[in-house]
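Source: prediction; values computed, not measured. Residue numbers start from 1 in every chain, and the chains themselves are labelled A, B, ... in the order their sequence lines are given, proteins ahead of strands.
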Protein chains: 2
Amino acid sequence: MTAARTVRGRGAGRPTLEEVAARAGVGRGTVSRVINGSPRVSDRTRAAVEAAVAELGYVPNRAARALAANRTDAIALVVPETETRFFAEPYFSEVVRGVGQALAETEMQLLLTLVGSDRERRRLAQYLTGHRVDGVLLVGVHADDPLPELLEQLDMPVVISGPRSEDEPLASVDSDNFAGARAAVAHLVARGRRSIATITGPLDVYGARRRLDGYRAALAEAGLPAAPHLISPADFTEEGGRGAMADLLGRAPEVDAVFAASDVMASGARQVLRERGRRVPEDVSLVGFDDSAIARHMEPPLTSVRQPIEEMGRAMTELLLAQIAAGEPSRPRLVLPTELVVRSST
Amino acid sequence: MTAARTVRGRGAGRPTLEEVAARAGVGRGTVSRVINGSPRVSDRTRAAVEAAVAELGYVPNRAARALAANRTDAIALVVPETETRFFAEPYFSEVVRGVGQALAETEMQLLLTLVGSDRERRRLAQYLTGHRVDGVLLVGVHADDPLPELLEQLDMPVVISGPRSEDEPLASVDSDNFAGARAAVAHLVARGRRSIATITGPLDVYGARRRLDGYRAALAEAGLPAAPHLISPADFTEEGGRGAMADLLGRAPEVDAVFAASDVMASGARQVLRERGRRVPEDVSLVGFDDSAIARHMEPPLTSVRQPIEEMGRAMTELLLAQIAAGEPSRPRLVLPTELVVRSST
DNA sequence: ATCACGACTGGGAGCGCTCCCACCCCGGGG
DNA sequence: CCCCGGGGTGGGAGCGCTCCCAGTCGTGAT
């Protein structure tokens, strides 16, 4: 523990490019070229520089690099804290994990930005305007959130998880909500169910609409009617699921299967079914969506549609990095497959 | 120069300190003083500068500031990805939320760093050595993790969640595992249970040891024996909980209550109890720890010890910010209270 | 031998801030 | 009336990098 170090404070004493250059007997420019992998350096020189770097334990100063090169080597993951659906288990941790994986190979840093209040939202806007990140990953935005518009104006690279509509202008990665819902309902049909109801998410959410579309498609394919009284919209919450289930039971007592557009809502529905003496799966089959921990621990364990969330995080990041590398926003739209996980609730 | 600006693409055109100064008719130093809230500025000047800042929409360039001031205004949240216990629900999202809250009032950024492989761990070490953050929040480290040692050597501000031992040298924030466990077991005693077993976590984890201590204390206070055959160690996993429960049932068939040191293990135990025809809570009372989503959705809902995780995240951050502000590492040790959430499993 | 032309290389000129020293100006004491 | 001391202020000197423009060499062609 050197006294000098302590006195000079944190960050002092780290070798600089200049020192590496001196040590290697070359110029600053050459060291920079080696560090950044430029091909226009002779092998001999490169070796010398690399040796000096190793001996000195040189680590480039990020701030200096950012200032000089006008880039930050950082991306932001923006999470609206109010949107509990995305912040809640398991979305958040899995997305982060996927993002982390994609970033592991790069020099990029991940900035985590939670936006709660409107004040924080404004601050974020200012933030991004200040170009403190090279790109933005946006998860769980509401249809009426002004953030995407703002980002589009700034023309900063952005990837959004879950397009807000059929013609989302931003690059996006989504799971195949339509196919997932269709598979879930087809599975119920295969189990011999005939009065298949659905509890939907808020229909101003694109993904929720897609799940409803999938439900309808599967019924149509099976030649079953998609009677309006078998469709009950809720809000992705447990309480909403309870309400919707009670509703369905009142309107359609003959119901023998329910496709809930989220596990949490399925859990609410399950409670009501139990209260009303309907057995699962004997009387009513139940399918959820998300394949969360809740599904695995429900009684009986819940059949559910798994979304490849981690992979979505990875894909979003790769798309974003590609945009940043290309230097211009592109607008690809990726849809990842879902998978039906069958458990004993059906 | 104008052309050059355009060529530089994104990030060009943002007003600089210099431009604000010109606009306000003052010098750079003065603007800097206003921005940083120095008191040595006359009111008239301050007003003029603030007006110019507003008109130009000036946002300080973080990289330049970091370079000049040798600080980054960023802290890192380091999460070992392998430690599933902390990365898993609900820890991770809640900690992050708490951290976010504490940071909302400040200008600090949050860097999220997942360390999986040893290679990534080395990279992180280099990272921190490069002083790219002002401080580190370390969650879910194992007893044998070299990271804390490293950070201590760098004498960089650090706060750790969950001390690794009774004499943790680093600043730490923890929940009161001892009191939580004691309360849980006391509650079982109050319910009239007499053969109270426990499924512990890995005993090289300090928190797991503390929970076991709490279990013992409660039994001692109730004048009940803490027979060794009522203690079965596991590893915080569901499978571990299953094994430990099977074990207990073999060794102590008279068991009428189980305190599991995590909800996940309680869930495993619950499955075994069901398989063996033991009813919960009639035959065996069951208590978990964490009060996670699993607890709420178990059948019957699980009585569990709630930890104030979000608050822990907040406290950790506040401790860290204080350390950074003080310019020197301090070593406070904070223990936050737990709360027993009683449900129908007891 | 001369010339042109790549392949490499050195280092000046910033990037936008903070730090800090010098300076200005004004009131009060000698 | 001069000097001193502070509050207030301007701006030079970097912080450690990247960019890019001049070189400096060899080399093959002429």
Given atom [atom1] of [X] and atom [atom2] of [N], what is their separation to the nearest angstrom?
| X | N | atom1 | atom2 | result |
| --- | --- | --- | --- | --- |
| B/Glu18 | C/dG14 | CD | P | 13 Å |
| A/Asn70 | D/dT18 | CG | C1' | 11 Å |
| A/Leu67 | C/dG14 | CG | P | 14 Å |
| B/Asn61 | C/dG16 | CG | C1' | 6 Å |
| B/Arg132 | D/dC17 | CZ | C1' | 13 Å |
| B/Leu17 | C/dC19 | CG | C1' | 13 Å |
| A/Arg14 | D/dC17 | CZ | C1' | 16 Å |
| A/Glu19 | D/dG16 | CD | P | 8 Å |

Only counting residues at least two apart or in another chain, list the ones meeting salt bridge (Lys or Arg N to Asp or Glu O under 4.0 Å) with A/Arg331. A/Glu152
Could you name each residue pair satisfying salt bridge (Lys or Arg N to Asp or Glu O under 4.0 Å) that touches residues 63-75 of chain A, not counting sequence neighbours? A/Arg71-A/Asp73
Between the first and last five pairs of the helix from C/dA1-D/dT30 to C/dG30-D/dC1, the angle of the axes, rounded to 10 degrees: 60°
Please tell me which of the listed nucleotides, D/dC17, D/dG14, C/dC19, lies nearest to the side chain of B/Ala68? D/dG14
Under a plain distance cut-off of 3.5 Å, with no hydrogens placed, do B/Ser165 and B/Asp167 share a side-chain donor-acceptor pair? yes
Sub-4.0 Å heavy-atom contacts from residues 26-36 of chain A onto DNA chain C, ordered by number: A/Val26, A/Gly27, A/Arg28, A/Gly29, A/Thr30, A/Arg33
Between residues 38-54 of chain A and DNA chain C, which residues have a heavy-atom gap below 4.0 Å? A/Arg40, A/Val41, A/Ser42, A/Thr45
So, do [X] and [Y] sit near enough that their side-chain heavy atoms are less than 4.5 Å apart?
| X | Y | answer |
| --- | --- | --- |
| A/Leu128 | A/Val136 | yes |
| A/Arg132 | A/Leu111 | no |
| B/Pro80 | B/Val115 | yes |

Qualifying residues under side chain to side chain contact (heavy atoms under 4.5 Å, CB included), relative to B/Pro146, sequence neighbours excluded: B/Arg121
